[in-house]
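Okay, so here's the structure we're looking at.
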Protein chains: 2
Amino acid sequence: MPLTDCLRERPGPPVMPHADTENLCRLLAHVPLLEGFDPGELARFARGVREQNVDKGAVLFHRGDPCHGFHLVLCGQIKLAFTSAEGQEKVIEIMRPGQSFGEAVMFMEKPYFVMAQALTDSRLLHIAKSVVFEEMDRDPTFCRRIIAGLSQRLHHLIADVETYSLLSGRERIVGYLLREEESSGEPGLCGRVSIRLPTSKGTIASRLNLTQEHFSRILHELAEAGLIVVEGRTIHIPDIERLRTTGARY
Amino acid sequence: MPLTDCLRERPGPPVMPHADTENLCRLLAHVPLLEGFDPGELARFARGVREQNVDKGAVLFHRGDPCHGFHLVLCGQIKLAFTSAEGQEKVIEIMRPGQSFGEAVMFMEKPYFVMAQALTDSRLLHIAKSVVFEEMDRDPTFCRRIIAGLSQRLHHLIADVETYSLLSGRERIVGYLLREEESSGEPGLCGRVSIRLPTSKGTIASRLNLTQEHFSRILHELAEAGLIVVEGRTIHIPDIERLRTTGARY
DNA sequence: GCCGAACCTTGATTCCGGTTAACTCCCGGA
DNA sequence: TCCGGGAGTTAACCGGAATCAAGGTTCGGC
């Protein structure tokens, strides 16, 4: 029962006062990386897993911190970002429930080179390097999953680079909205859908490599063109097909 | 002996008229991914390896082509890039001898989403998916290497994203020159070094997310500031320390 | 219900970098 | 030798997006 609960966005009341092995195993069974593992394997993993509850704004790690494992989001949102010498920040990714991060750094045995901060009160699991490495030696299929995961990550990142370098601000925003709509899985009758931004507009703007101001302006333009209706953090799309076809135009 | 030969930049006369297993093994022994493998393992690999000689300008694969393995550069340069709907091109990476590419796509069992084109006459190896997968099942340390390689790649890509989004054009160029100098390994007395650009300025500009014109302008500015001297494709740096400290300034 | 702090919007202005268009250089081939 | 084309440079101009600077909203806490 906590399994589904804790993969929702909103934290809700703490289901588990403190993590015992059995509960951990139940959580682990739903981790993408460990899907289909039998109880024995999960128990081995549980030894190196620790639950983390972090408040909104808390920093999980800074650039330069040593890495002892990887993280998995159970609920809430974690932002990965780096900060320039002048203090400006660029959000690389907003991690949502079910997603994990920090694997690559862990495998390289180097310190983190980005920082992670909770955008909302969040609950996550920390999986220690040691148990991952042990399991890798033991189980080739586990290796395959890790490789698949890293490949996927790489793909996304290249897609991001493509987005940043080939698309205008407006195109990036339209693309973001369309993707967000897709992943939300809402049916939306006859092309009408509403999506709720997962976090503040400023953060999303940074994720899309835009300033908050520019983001706001483009949203306004899209609204003026009748392609969207902005209502606080909720965006209504009267005709998603039209947004897809004419949204990119300028 | 051909081993070292073929890891140079310039192709030179073809050392091997056609690849037999023994020669292939000798080549494979120097592939980073396979370093330290014993002859038996290499022989297993050789079954799925094919040598490729491509002329300058030849396209190895387009976006959308199916992927049957990964590639390793023996000599020459291969550019990875994508093209926008409007036909403009963005270079993601310039692969040099000893580097490999296409692994991530191979593991995802998806078609290529970038294209690869030879910048010079080049020689490379194509390693079939099948032998890689077989070896992965057989050898956990091989998996580890793959994971390490993918992690490394991911790291570089994130560093690129950081570069693109946080640094000005000028800073990117200065950074590029400094990295190029570092990797060239030339000693360079009392801070004086010369580096030769690996390929055309237009291509490097695209790699750095700049237009050719802007790249040219910045080079000119740096030259005017006395930080570099441009002589065709060769860049002289009279004082590398000064470039490092004042090059970023604007 | 008031206050302050985040968050967001809006407008004015600036500027980095892209676009366009000559023009030069250099090299290779007929 | 001349020609043609690719690479590189230069300059004028433009525009997308950042910056600066106020306002406006929303919301939680006292």
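All of these numbers come straight from a predicted model, not from anything done at the bench. Letters A, B, ... are given to chains in the order of the sequence lines, protein chains preceding strands, and every chain is numbered from 1.
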To the nearest angstrom, how far is B:Q212 atom CD from D:dA11 atom C1'? 15 Å

Passing option when B:D160 is tested against B:R207, B:R179, B:R172 for salt bridge (Lys or Arg N to Asp or Glu O under 4.0 Å): B:R207

Minimum-distance nucleotide to B:S200 side chain [options: D:dG8, C:dC7, D:dT19]: D:dG8

Roughly, in whole Å, what's the span from CD in B:Q88 to C1' in C:dG18? 10 Å

Can you check the A:I173 CD1 to D:dG16 P distance for me, whole Å? 14 Å

Is the shortest side-chain N/O distance from A:K201 to OP1 or OP2 of C:dT9 below 4.0 Å? yes

In whole Å, what is the span from the CD atom of B:E231 to the P atom of C:dC25? 16 Å

So what does A:R233 touch, heavy atoms closer than 4.0 Å: a base, only the sugar-phosphate, or nothing? sugar-phosphate

Does A:T211 have a side-chain nitrogen or oxygen under 4.0 Å from the phosphate oxygens OP1 or OP2 of D:dA18? yes

So if I take every side-chain heavy atom of A:E213 and compare against C:dG17, D:dA17, D:dA21, which nucleotide ends up nearest? D:dA21

Provide, to the nearest angstrom, the distance between the CZ atom belonging to B:R172 and the C1' atom belonging to C:dG17. 9 Å

May I have the distance from A:L197 (atom CG) to D:dT26 (atom P), rounded to whole angstrom? 16 Å

Side chain to side chain donor-acceptor pair (under 3.5 Å), that's the test. Do B:T203 and B:S206 meet it? Break it down for me. CA-CA 5 Å; B:T203 302; B:S206 172; over 6 Å; no

Other residues, nucleotides, ligands: >12 heavy atoms within 6.0 Å of B:H156 NE2: no

Of the listed C:dT9, D:dA18, D:dT9, the closest approach to the A:L210 side chain comes from D:dA18

What nucleotide, of C:dC8, D:dT10, C:dG18, holds the atom closest to the side chain of B:H214? C:dG18

Which whole-number value in Å describes the distance from A:L167 CG to D:dA17 P? 10 Å

Let me know the distance between CD1 of B:I218 and C1' of C:dC15, rounded to the nearest Å. 13 Å

Using only heavy-atom distances, decide whether a donor-acceptor pair under 3.5 angstrom links the side-chain of B:R217 to the base of C:dG18. yes

Between A:S100 and A:E103, is there a side-chain donor-acceptor contact under 3.5 Å, judged purely by atom types and distance? yes

Under 6.0 Å between ring centres: does that hold for B:F61 and B:H71? yes

Think A:H220 has a side-chain N or O under 4.0 angstrom from the OP1 or OP2 of C:dT9? no

